[in-house]
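Scroll down for the structure; my scribbles are underneath it.
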Amino acid sequence: MNRIYYLQVIFVATKAVLLRQSRLVKRVLIIFLDVLLSLFTVWLAFGLRLDDWRFMQGGLLWALIISSSLSIPIFNYFGLYRAIARYAGSAVFYSITSAFILYGLLFFSIFTLIGMDNVPRSIGVIQPLLFFISISSVRFLACYWFGGGSVNKKGRQLDPTVMLIYGAGSAGRQLAAALNVNKEVALKGFIDDDPQLQGNTVNGLWVYSSLDLRSLLKKLSVTDIVLAIPSASQSRRREIIDLLYGCGVRVTTIPNLLDIRLGRISAGDVIDLDMNDLLGRKVVPPNILLLEKNIRNKVVLVTGAGGSIGSELCRQIIKFAPEKLILLDSSEHALYTISEELKRYFGGDNGCNIPVIFDENYPTEVFDGHSIRLSTCLGSVQDKNLIANILAKNKPSTVFHAAAYKHVPLVELNPIEGIKNNVFGTLNCAIASIDAEVSNFILISTDKAVRPANVMGASKRVAELVLQALAQFARLKSSTIKFSMVRFGNVLGSSGSVVPLFSAQIKAGGPITLTHPEVTRFFMTIPEAAQLVIQSSAMTSGGDVFILDMGDPIRIYDLAIKMIYLSGRILRDESTASGDIEIAITGLRSGEKLHEELLIGNNPQPTAHPKIMKAHEEFLSWDNLSIELEKLERALDVRNLDAALNILSRLVPGYVRNEIHGG
């Protein structure tokens, strides 16, 4: 037993040492091995032919020299020393075959057709065959040995990923071809719902049925399943994910259908499940007419353009060819990141033929033609003069106001700055929009504005009240501007979202931190939310509060468990002490509610879009609200937090101030 153990240690250590060598050292070792095989097969050919196993002089020596002199340059020409041994696939063995055809013809010509003293003519046939068998065998063994798993930094052997691909269509076959060169993955076959494919092989891999899936996964010791079904309906994907839930395998997917059709898929393109797959949401395709209405050939301004929602709005807006898109953000890094991304989008292979021109001397340059102008403005919405200047000079037709402080705990600790930014930043942008004769102004709001339990939610509700009051005031003054606000819940993938946090905690081995086991939240993906915001803006008549259909609220504890099991791990709790990931309950934070709401009243009205509803809620007139806002501004200027919170409580029914530290 000890001998076997020591042999295993030597095996793994040797492999680790060889893998850590530079490419040059590895190439020299392979060439040296090929020279040895060349000499060995010449000697073996002579021995088999003459039945004399001594090292003779003369003809044998010439055969040794000629074999080595021919083989190494030919092998190098056909790329045998550029191939990585552990990733050797069909292409490498094709190169070996091609190289040996040339080598065999030359060796055969020298020793069989022409002939040489003291060398049997049959050597010209026997040695190339022996040499081909030995070279192929060594390459195959190296591929098997080095590719049977990976080695970590400590030289320990790691188990390979054992994978099945769900879907034997074109996407699945492309992925299988890409995985063939990745020997850290042991691909066991396909699963497919098509009875005509089941029981057959595709590209040499068996196609299994999804029936009795658990026993199949156990039998094959599968660790990972990749969903390669880009054309499947959302409901079918949910059925498959539910089928795999709790099977002890990691479930991933491949990129979208367009990437598959363009041949962009590779082994590295396997990604985590789409958030809609995790949530089981049914996404309604966007109405293109609604998306285009307030964007195409118009000047559009996005505040908070570098944030989670703001940046996605920019990505969606620019696809519909505005005349000009203005990006405003107070974060230099965030503004730079989104502007560079938009540059890459239009500079890459994206199918868009509309050039983008960046205003270097914003905002004075004027460009002709159908190009899109893109301007980046660094500044805060709290700067009244800056906002007025930007809108007066650019005259945007549409303003999407996404700039806000949104993190509940941070705003709870910094309430004065939160109120300044969320309330008066919105007021500055709204007043400047009236003066600049903007046609549509859309506020990005939140479900936390409904019966808020924190300063962030209360400040966003006051921002809504500002727009509702100004919408009424604008109508009285015969202004054509249309104010509206869109209220929705959590967006997945945004900064502070639980899903990327849980994913990172799972990869780190846990625990997952959760404030309360009964916390529920509404969820939506960022692209879907941005598209619905744009479509909402096209349906407003002024003063509307739009509510996005977020589906049923999700229990965060259930979401955490689902993510644990779909990552191939097991929940560790009182009943399963041997599990992998624990969920740690930390307690509700200041200002955090167990359950969020989207409606203040109970009278949502349908709209032309099935995922967008409209609410008519009570608000103050501009004359009354403006008086309260003046009081609030004076309190903030002298940093009188107590007075500011009392005003918030008066303006927002249901808000009860908390004990706050900071400010």
Side-chain angles (χ1 to χ4, degrees), residues 290-291 293-296 298-305 307 309-310 313-314 316-317 322-329 377 379-384 386-404 421-446 449 459-488 529-530 532-548 612 614-615 617 619 622 625-626 629:
L290 292 177
L291 286 174
K293 183 179 178 182
N294 291 332
I295 294 176
R296 189 170 293 279
K298 298 181 186 296
V299 178
V300 181
L301 166 66
V302 178
T303 71
I309 293 295
L313 282 170
C314 293
Q316 300 289 341
I317 289 167
E323 178 188 338
K324 184 174 186 177
L325 176 58
I326 307 159
L327 315 179
L328 170 66
D329 204 285
C377 306
S380 170
V381 291
Q382 297 182 50
D383 189 334
K384 186 185 301 184
L386 171 68
I387 298 301
N389 183 58
I390 290 174
L391 273 87
K393 290 186 176 181
N394 287 275
K395 299 290 184 182
S397 174
T398 305
V399 174
F400 291 96
H401 180 51
N421 195 69
N422 294 352
V423 175
F424 291 97
T426 301
L427 179 62
N428 292 339
C429 293
I431 296 298
S433 295
I434 293 175
D435 295 338
E437 299 180 341
V438 169
S439 297
N440 284 274
F441 184 101
I442 303 94
L443 167 70
I444 309 301
S445 191
T446 170
S459 65
K460 291 295 285 185
R461 177 55 188 152
V462 175
E464 291 181 352
L465 291 172
V466 167
L467 292 197
Q468 288 175 293
L470 283 176
Q472 184 187 60
F473 178 78
R475 284 195 295 269
L476 294 174
K477 297 297 182 180
S478 300
S479 173
T480 57
I481 189 170
K482 295 178 181 178
F483 288 106
S484 62
M485 54 230 80
V486 183
R487 188 187 293 159
F488 53 91
L532 290 174
V533 166
I534 296 171
Q535 292 172 92
S536 299
S537 71
M539 296 189 293
T540 184
S541 56
D544 300 304
V545 179
F546 291 105
I547 301 168
L548 304 187
I612 302 172
K614 188 160 60 174
E617 297 175 350
F619 61 93
W622 175 246
L625 180 62
S626 60
L629 290 176

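- When all heavy atoms are compared, the tightest approach of Lys324 to Asn394 is NZ-OD1, 2.9 Å.
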* To do: Test side chain to side chain contact (heavy atoms under 4.5 Å, CB included) on Val466 and Phe483 and set out the steps.
  => CA-CA 10 Å; Val466 167; Phe483 288 106; over 6 Å; no
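- Residues Leu301 and Thr398 have side chains not in contact (no heavy-atom distance under 4.5 Å, counting atoms from C-beta outward).
- Put simply, NE2 on His401 and OG on Ser433 are 9.5 Å apart, with the number rounded to the nearest 0.5 Å.
- With values rounded to the nearest 0.5 angstrom, Cys314 atom SG is found 11.0 Å from Ile326 atom CD1.
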* Could you give me the CA-CA distance, side-chain angles and deciding distance for Leu532 and Ile612, then say whether side chain to side chain contact (heavy atoms under 4.5 Å, CB included) is met? => CA-CA 7 Å; Leu532 290 174; Ile612 302 172; 4.0 Å; yes
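- In this structure, Asn428 contributes its side chain and Val381 its backbone to a donor-acceptor pair below 3.5 Å.
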* Taking it one step at a time, do Ser380 and Leu386 satisfy side chain to side chain contact (heavy atoms under 4.5 Å, CB included)? -> CA-CA 8 Å; Ser380 170; Leu386 171 68; over 6 Å; no
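- In this structure the side chain of Ile309 reaches within 4.5 angstrom of the side chain of Phe488, judged on heavy atoms.
- Side-chain atoms of Lys293 come within 3.5 Å of backbone N or O of Ala538 as a donor-acceptor pair.
- Listed here is the closest heavy atom pair of Ser397 and Val438: O-CG1, 3.4 Å.
- Contact check for Val462 versus Leu629: side-chain heavy atoms found under the 4.5 Å cut-off.
- Residues Arg487 and Lys460 form no side-chain contact, since every pair of their non-hydrogen atoms from C-beta on lies 4.5 Å or further apart.
- Considering only heavy atoms from C-beta on, Thr480 stays 4.5 Å or farther from Glu437 through its side chain.
- Taking CE from Met485 and CD1 from Ile547, the interatomic distance works out to 11.0 Å, rounded to the nearest 0.5 Å.
- For the atom pair CG of Leu328 and CG of Leu391, the computed distance is 9.0 Å after rounding to the nearest 0.5 Å.
- In plain terms, the two heavy atoms of Gln316 and Ala530 that are nearest each other are CG-CB, 4.1 Å.
- Nearest heavy-atom pair, Ala471 versus Gly542, reported as atom, atom and distance to 0.1 Å: CB-C, 4.2 Å.
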* To do: Show your working on side chain to side chain donor-acceptor pair (under 3.5 Å) between Asn294 and Ser537 and close with a plain yes or no.
  => CA-CA 7 Å; Asn294 291 332; Ser537 71; 3.3 Å; yes
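- Contact record, Ala430 with Leu470: CB-CD1, 3.5 Å, taken as the closest heavy-atom pair.
- With hydrogens and angles ignored, the 3.5 Å screen pairs a side-chain donor or acceptor of Thr303 with a backbone N or O of Ala403.
- Side-chain contact between Ile442 and Ser536: absent, with no pair of heavy atoms (C-beta onward) separated by less than 4.5 Å.
- Inter-residue side-chain proximity for Val302 and Asp329 is flagged as unmet; no heavy-atom pair is nearer than 4.5 Å.
- Counting all heavy atoms, side chain and backbone alike, Phe546 lies closest to Ser484 at CE1-CB, 3.9 Å.
- Atom NZ of residue Lys384 and atom CG of residue Leu427 lie 7.5 Å apart, to the nearest 0.5 angstrom.
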* Checking side chain to side chain contact (heavy atoms under 4.5 Å, CB included) for the pair Val545/Lys614: CA distance, chi angles, key distance, verdict? -> CA-CA 6 Å; Val545 179; Lys614 188 160 60 174; over 6 Å; no
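- To the nearest 0.5 Å, atom CD of residue Glu464 and atom OG of residue Ser445 are 3.5 Å apart.
- By the 4.5 Å heavy-atom criterion applied to side chains, Gln382 and Phe424 are not counted as neighbours.
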